[in-house]
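Written out below as structure tokens is the structure these notes cover.
Ligands are counted one by one from 1 in listed order, and the atoms in each one are counted from 1 as well.
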Amino acid sequence: MIHVIPSGHNEGVSKTNILRIAERIPDEAAAYEYLEQLRWNGSPVCPHCGNEDRCYFLTPANGKSRATRTGKPTQRRLWKCAACRRQFSVLTDTVMHGTKIPVRTWVFVLFEMCASKNGVSAREIERKYGLCPRSAWFLTQRIREAMKDDGLGMFVGKIVADETWIGGQPRYRHGHKAGTGGQGVTDKTPVLSLVNTTTGQVRSKVVPDVTGATLRKAIAERVNMAASVLYTDSGNQYRQIGQEFAAHESVDHHVGEYVRGDVTTNHAEGYFSQLKRSLDGTHHRISVEHLPRYLAEFDYRYSTREATDKERMGDLLHRVGGRRLAYRPLTRAASGA
Ligand SMILES: [Zn+2]
């Protein structure tokens, strides 16, 4: 499921915290080395051609820094591939590619976003690390992008499906297509979450409405239905979908039934309450447009909740490859986050 880097997790000897990281990376070169350790585990892999063999470090003349094209010194650590002869750094082809934000700052923010239950707001990052609002926002969104599910496999197992309503921003009141959930017209955004209680993973998705057809489509994208068991509340929409599963069990919330044997939707309810607490408390206003990235962040932390913060950070670096995110598409509605 996740790449776990050895860290003595069970012995509790290597509890990482932000102070230890600060000691470990006193400067930019050390921050690069720290990321190299997490991403490559000591043996660099060329991001251009995938070669793992005999990539060598281009030691700067003074041992620590080199001059950039403009003559400014940089501590950026460069490697050269023995196969394709091209240069690379640990940032090449990751969401950090071409960043102007110090790599030390990236490491701190990566860690905070991996470690904090409720997430970290761009505002907080801006204040703490002295970044401009745009940089802080961009940095947190890029890390969320790396947390996005990378499409590995379909869910198979015991699947709890449940939907919730997030939101409501005045400026979206007119433009946003309102969904109806039996509660009349609303400007809130429906979100479907699928919790695989067999593997402990969750995937959430913004859906246009909560009709049976829409939910079926979203579930079919994520779940091998014929090989799984579906757990839901007694919502009518799930009746027909349930027939495509190996079995379908439901609890009837209307008559106060929440758990019957191992039939329950409590996993999803727990997930939703954490999500909403955080969206209200930490982020305040999130536009519908950016909601999928926040969902990805929460899904990611939930799905890796058994890992230590450092393991989660290592895993995140394994999946950042090839996920550059251009500045432009992200900033169209930057003010909303
Ligand atoms: Zn190469």
Side-chain angles (χ1 to χ4, degrees), residues 1-7 21 24-111 113-114 135 138-153 296 300 304 307 310-330:
M1 235 184 304
I2 66 164
H3 292 268
V4 172
I5 53 162
S7 72
I21 293 181
R24 171 108 185 251
I25 54 167
D27 54 28
E28 283 290 281
Y32 271 91
E33 268 189 271
Y34 185 77
L35 289 177
E36 287 171 7
Q37 197 55 38
L38 281 175
R39 188 176 177 199
W40 294 324
N41 228 338
S43 50
V45 181
C46 170
H48 305 298
C49 72
N51 168 45
E52 302 176 30
D53 198 30
R54 292 178 295 118
C55 292
Y56 55 93
F57 182 59
L58 295 170
T59 317
N62 69 6
K64 197 76 180 171
S65 64
R66 67 186 82 241
T68 60
R69 251 169 274 168
T70 58
K72 240 177 102 190
T74 171
Q75 295 190 4
R76 179 167 171 251
R77 282 169 57 88
L78 283 177
W79 295 78
K80 188 158 180 170
C81 173
C84 73
R85 314 296 300 162
R86 294 175 70 187
Q87 294 185 0
F88 61 91
S89 84
V90 70
L91 310 186
T92 305
D93 265 337
T94 73
V95 290
M96 293 176 271
H97 192 101
T99 183
K100 291 197 173 65
I101 298 165
V103 176
R104 279 187 91 217
T105 306
W106 274 98
V107 173
F108 291 138
V109 177
L110 265 169
F111 180 77
M113 288 184 70
C114 282
S135 296
F138 186 54
L139 190 139
T140 52
Q141 289 295 49
R142 286 229 250 186
I143 293 173
R144 279 184 195 109
E145 184 64 21
M147 288 174 165
K148 256 192 196 164
D149 167 53
D150 44 5
L152 285 175
Y300 179 70
T304 58
K310 198 178 171 190
E311 284 168 348
R312 195 173 297 118
M313 217 169 135
D315 174 64
L316 196 54
L317 282 164
H318 279 277
R319 32 165 105 204
V320 292
R323 280 185 192 245
R324 289 185 219 173
L325 200 55
Y327 204 86
R328 206 172 300 261
L330 265 181

Can you say whether the rings of Trp79 and Phe88 are parallel (under 30°), tilted (30 to 60°) or perpendicular (over 60°)? parallel
Is a donor from one side chain sitting under 3.5 angstrom from an acceptor on the other, for Ser89 and Arg77? no
Could you state the interatomic distance from CG (Leu110) to CE (Met313), rounded to the nearest 0.5 Å? 5.0 Å
Under 2.8 Å from the Zn ion (ligand 1), which protein atoms of type N, O or S occur, listed by chain and number? Cys46 SG, Cys49 SG, Cys81 SG, Cys84 SG
Evaluate the criterion side-chain contact (heavy atoms from CB on, under 4.5 Å) for residue pair Lys80 and Arg85; output intermediate values, then yes/no. CA-CA 6 Å; Lys80 188 158 180 170; Arg85 314 296 300 162; 4.1 Å; yes
Thr94/Arg39 under side-chain contact (heavy atoms from CB on, under 4.5 Å): CA gap, chis, key distance, verdict: CA-CA 11 Å; Thr94 73; Arg39 188 176 177 199; 3.2 Å; yes
Drop me the distance from Leu78's CG to Thr92's OG1, to the nearest 0.5 angstrom. 8.0 Å
